[in-house]
Visitor: 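Take this structure first; my questions come after.
This one's a predicted model, so the numbers in the text were calculated from it and none came from an experiment.
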Amino acid sequence: MSREPEVNQELAAGHGLKPDEYQRILDLLGRTPSFTELGIFSAMWNEHCSYKSSKKWLRTLPTTGPQVICGPGENAGVVDIGDGQAVVFKMESHNHPSYIEPYQGAATGVGGILRDVFTMGARPIAAMNSLSFGAPDHPKTRSLVAGVVAGIGGYGNCFGVPTVGGEVRFHAAYNGNCLVNAFAAGLADADKIFYSAASGVGMPVVYLGAKTGRDGVGGATMASAEFSDDAEEKRPTVQVGDPFTEKRLLEACLELMASGAVISIQDMGAAGLTCSAVEMGDKGGLGVELDLDAVPCREDAMTAYEMMLSESQERMLMVLRPEKEDVARAIFDKWDLDFAVVGQTIAEDRFLIRHGGETKGDLPLKALSGTAPEYDRPWVETPAAAPLGDVPDCDPAADLLALMGTPNLCSRAWVWRQYDHMVMADTVVRPGSDAAVVRVHGTAKALAFTSDVTPRYCKTNPVEGGKQAVAEAYRNLSATGARPLATTDNLNFGNPERPAVMGQFVGCIQGIGAACSALGMPVVSGNVSLYNETNAQAILPTPTIGAVGLLESLEQMIPMAPGAGDTLVLIGETKGHLGQSAWAWELHGRDEGDAPPVDLDAERRAGDLIRSLKARDLITAAHDLSDGGLAIAAAEMAIASGTGVTLEQAPGLGPAAWFFGEDQGRYLVGCADPDAVVAAAKEAGLAARTVGAMGGDQIILGDTALPLATLAEAHCTGFARLMGEA
C-alpha cells in the first residue's frame, strides 16, 4: 500500500480549504484528519457541493405552489401536470470540465443531469442546453464549440433522449471559461417519486452501475476554484462518459423501482461516493458505514481516497429493502451492470469508511453536510449605468441583414442538426422556435420547454436582468400557447469573494425571486456555479432560467409562422429602449445604457392575453420580442413562414428605436381580425397596434427593403461561417 501524504495546512490549502476552514475541521474532530478524511471534507465543503456562498440568498427564492410536489433539495424538482402525472426536471452546469476537455465535459454534463431525473423515478423525455462561448474570433472558440456540441449530441443521441432546445451565445467575457448548462426533464407517476433520504437502521447500502475508476477524482473541488494558466493540467479531473451504460442503468433503475426494492436512491454525481452516501444519511438522520473492499473497481490498487472522490460516471447508490436483495441483484445482472452491497445504515451520527482491514475515515456525518461553512459574503450594488447617449444612424434593412448573420443572432441549426430531436417520436415543435413542445405520450397533453437569460442585461442591472431572464422564459412558453408551471435555475457567476461579483449574484437573485413570484413560476430545482473566472477575469453574470409549461391539448399550441395575408399586431408598450440592445452592441460595439425595465404585472397580463386570444381563435401565430426587437421578431416569423413581411415605421420614434428597441413584455401576433385583437389587448390594459402584414417576397421596413431570400441565406449560413464551413 502506498504511503499517504502528511496532512497539514499546506495540503489542506491544495484541497481548496482556507485556513479557518481547516482549523474548523481540527476543532470538530479534536485531531488531524486522515488523508481520506481531508479529501472528504474538501469535497463536501467546497462551493460546488455545499453552496456556502449562496445558501443565504437561495433561501429567499419562491419554491412552493399548488403545482409543486417537490422543490429544491432533491436530485430534481417535481411538478404536478394532472391526471396523476408529474414532470421532473433540473438544470446543472459542467463549465470547468467542458473548457478543459470539451467533448467529455459536455457529454458527462448531459449524463449527470439525466441521472438526476431518472433517480427520481422518471423516464427522461427531453434535454436542452444553454451554451456560452468566447469571442467568435478567439483562437479557442471554434474548437470549444465543436467539442461541446459533439459531446452533447454524442451522449444524448446514443442514450436516446431528444435534445429539443436551448441557446448559444458568444462574448469575450467567456474566452477563458465557457459555460455548459444541461437541462433534462422526465415523466413519472405523481405517487411514485423516489427520494434520497435513507431510512431504517441496518439497511444494505448498494452500489449500482458502472465500475469506479480514477477519472474525475477531485472534480468537484476543481469546479469550485478559479482557472489560471494551468487549466490544461486539470484534464485528469474530467470524467469519461458511456451513454450506452447509462441507457442500461436507466432501464435497470426503473425496473428496480417497480419491484419495490428501493428505500432511497441517489445519483453519484459531484464527489461521487462521498456526496451520495453523506446526503442519503444526512437527509434520513442516519449514519453510514462503507466497506470499500466491496466497491467494483476498473483499475488496480485504487486507494480509499481515490474511491471516495472518484466521479466515474453512470453510478448510483441505493438503500435497499434487504428481503429484495436477490430480486434487485437479478435485475442488474440482466442488464450487465455491477451490483454490490458496500455498506449499511447505522444509528450513530458517523460516516465510517473501511478499506484493506483499516479504518480510513470515521467522521461525524452531519458535520459534513449540515454544518458545512456558510458565508454571508460582502457585496456591493452594481453602479447605475451611464446613459446610451447619441444614437448612430440606422438603415433598417441593411442593419437587419447585418444583425441576422451575426454569431449571436444567426440560426442555430448548425448546432441542433447534430442532435437527435425526434427520438421517441413525441417532439411536436423542434428546436428553433420560442419553446420546444413534447407530447406527453399516450395523452392529449404536451409540455413546453425553454431556456433563457440575457447576460449583458444582468451585468448592467442585475435586478432587472434577473427579472428579464424569468420574464423571457414566461413569454417563450406563452407564445407557444403553454401555461407556465415552474422554473429551474443555473446561476453562473465569477468569484463570490469579490464584492462586485457577489453584488451581481444578489441582484440577480432578487430579480429572479420577484419575477418567479409575480409570474407564478416557482423555482423547484437548480444549480449554482461560482468561480467562473480565469486570471481574475470573470464571465458575464449568467443566471440561466429553464422553464416548463403545460398544454392541456395540442389544439392550444400557437405556431410561430403566420400565413400569407395575415395582419401583424404588436402587443405591449414600445418606448424604443436601445440601452444594452443587440443593435447597439453587435453593430456599433456599444454597451452603454441601462437594461430595459421589466413590468411584471404587464408581463403576466400579456401572457394571459396571448393564451386567451388563441382560445378565442383570434390569432394564427405568435412570437415574443427579445434580442433585436421588432425587426428581428418579424424577420424570424417571415423566414419560418417563407413569406415576406412589411412593417410600417411608427411616428414619434426613430428607426433604430422602433425597429430594434428591446422594450420588454411584447409579442408580435399574426391574425385576420386586428381590430378584435387590439380591442382585447386594450381590455386587458395593454398597448396594441397594427404594425404590418405578411406577404410577398421582400422584407420591407419603413422605406427600406431587401429580398427575403437574401436575409434567409445570411441567417441560415451564419453559424457555418463562424465555424469556417461556409
Side-chain angles (χ1 to χ4, degrees), residues 91 93-95 98-99 102-111 113 126-138 140-159 161-171 174 178-184 243 403-423 427 429-438 449-455 476 490 492 542 544 546 560 582 586 626-628 632 636 639-640 712-726:
M91 180 176 273
S93 60
H94 233 219
N95 302 336
S98 298
Y99 184 80
Y103 186 96
Q104 290 295 349
T108 53
V110 174
I113 200 65
M128 294 192 299
N129 50 80
S130 177
L131 312 176
S132 303
F133 298 104
D137 58 356
H138 188 270
K140 283 186 73 78
T141 296
R142 278 187 187 175
S143 63
L144 286 171
V145 172
V148 165
V149 171
I152 291 168
Y155 203 100
N157 296 353
C158 294
F159 177 85
V161 64
T163 300
V164 297
E167 53 184 346
V168 186
R169 68 183 55 84
F170 299 90
H171 193 284
Y174 304 103
C178 65
L179 302 183
V180 176
N181 295 173
F183 169 100
L403 272 176
M404 289 287 279
T406 61
N408 278 315
L409 290 167
C410 68
S411 167
R412 270 68 183 117
W414 184 94
V415 174
W416 55 256
R417 281 177 184 152
Q418 298 185 51
Y419 305 152
D420 187 341
H421 45 274
M422 296 305 293
V423 65
T427 305
V429 176
R430 306 179 186 191
S433 191
D434 287 300
V437 176
V438 177
F449 303 103
T450 187
S451 167
D452 298 287
V453 65
T454 309
N476 278 327
N490 203 145
N492 308 274
T542 312
T544 310
M560 191 174 86
E586 298 287 346
S626 53
D627 279 355
I632 293 289
E636 289 172 343
I639 292 171
E713 198 260 342
H715 183 60
C716 294
T717 60
F719 218 101
R721 291 195 304 274
L722 164 71
M723 298 303 292
E725 297 177 8

Visitor: Can you give me the closest heavy-atom contact between Ser433 and Met560, atom names plus distance?
Guide: OG-CB, 3.9 Å
Visitor: Which heavy atom of Glu713 sits nearest to which heavy atom of Arg721, and what is that distance?
Guide: O-NH1, 4.5 Å
Visitor: Check the orientation of His171 and Tyr174. Use parallel for under 30°, tilted for 30 to 60°, and perpendicular for over 60°.
Guide: perpendicular
Visitor: Are any non-hydrogen side-chain atoms of Val423 and Thr163 less than 4.5 angstrom apart?
Guide: no
Visitor: Who are the salt bridge (charged side-chain N to carboxylate O under 4.0 Å, His left out) partners of Asp627, not counting sequence neighbours?
Guide: Arg456
Visitor: Rounded to the nearest 0.5 Å, what separation is found between the CD1 atom of Ile152 and the CG atom of Leu131?
Guide: 4.5 Å
Visitor: Closest heavy-atom contact between Ala435 and Asn476?
Guide: CB-O, 3.7 Å
Visitor: Can you tell me how far apart CD1 (Ile113) and CE (Met91) are? Round to the nearest 0.5 Å.
Guide: 8.0 Å
Visitor: Measure the shortest side-chain to side-chain distance between Phe719 and Val145 over non-hydrogen atoms and say whether it is less than 4.5 angstrom.
Guide: yes
Visitor: Check salt bridge (charged side-chain N to carboxylate O under 4.0 Å, His left out) between Arg169 and all other residues, then give those that pass, not counting sequence neighbours.
Guide: Glu167
Visitor: Indicate yes or no: at least one non-hydrogen side-chain atom of Tyr99 is less than 4.5 angstrom from one of Val180.
Guide: no
Visitor: What's the separation between atom CG in Asp420 and atom CZ in Phe159, rounded to the nearest 0.5 Å?
Guide: 13.0 Å
Visitor: Might you confirm whether atom CZ of Arg430 has over 12 heavy atoms from other residues, nucleotides or ligands at distances under 6.0 Å?
Guide: no
Visitor: Can Leu403 and Asn408 be said to form a side chain to side chain contact (heavy atoms under 4.5 Å, CB included), step by step?
Guide: CA-CA 8 Å; Leu403 272 176; Asn408 278 315; over 6 Å; no
Visitor: Taking all non-hydrogen atoms of both residues, which atom of Cys716 and which atom of Ser411 are closest, and how far apart?
Guide: CA-CB, 4.1 Å
Visitor: What distance do Ser98 atom OG and Leu144 atom CG have between them, rounded to the nearest 0.5 Å?
Guide: 9.0 Å
Visitor: Just by distance, do the side chain of Asn157 and the backbone of Gln418 share a donor-acceptor pair under 3.5 Å?
Guide: yes
Visitor: For His421, what residues pass the ring-ring contact (aromatic ring centres under 6.0 Å, His included) criterion, not counting sequence neighbours?
Guide: Trp416
Visitor: Say you draw a straight line from NE2 of His138 to OG of Ser143; how long is it, rounded to the nearest 0.5 Å?
Guide: 9.5 Å
Visitor: With a 4.5 Å cut-off on side-chain heavy atoms, are Phe170 and Leu722 touching?
Guide: yes
Visitor: Using modelled atom types only, decide if a donor and an acceptor are shared between the side chain of Arg412 and the backbone of Cys410 within a distance under 3.5 Å.
Guide: yes
Visitor: Please answer whether the main-chain N or O of Gly166 pairs with a side-chain N or O of Ser451 as donor and acceptor at a distance below 3.5 Å.
Guide: no
Visitor: Do you know which two heavy atoms are closest between Cys178 and Asn95, and how far apart they sit?
Guide: O-CB, 3.6 Å
Visitor: Within the structure provided, determine whether Asn492 and Ser93 are in side-chain contact (heavy-atom separation under 4.5 Å).
Guide: yes
Visitor: Which atom names give the shortest non-hydrogen contact between Gly628 and Ala582, and what distance separates them?
Guide: N-CB, 3.9 Å
Visitor: Roughly how far, to the nearest 0.5 Å, is the NE2 atom of His715 from the CD1 atom of Ile639?
Guide: 4.5 Å
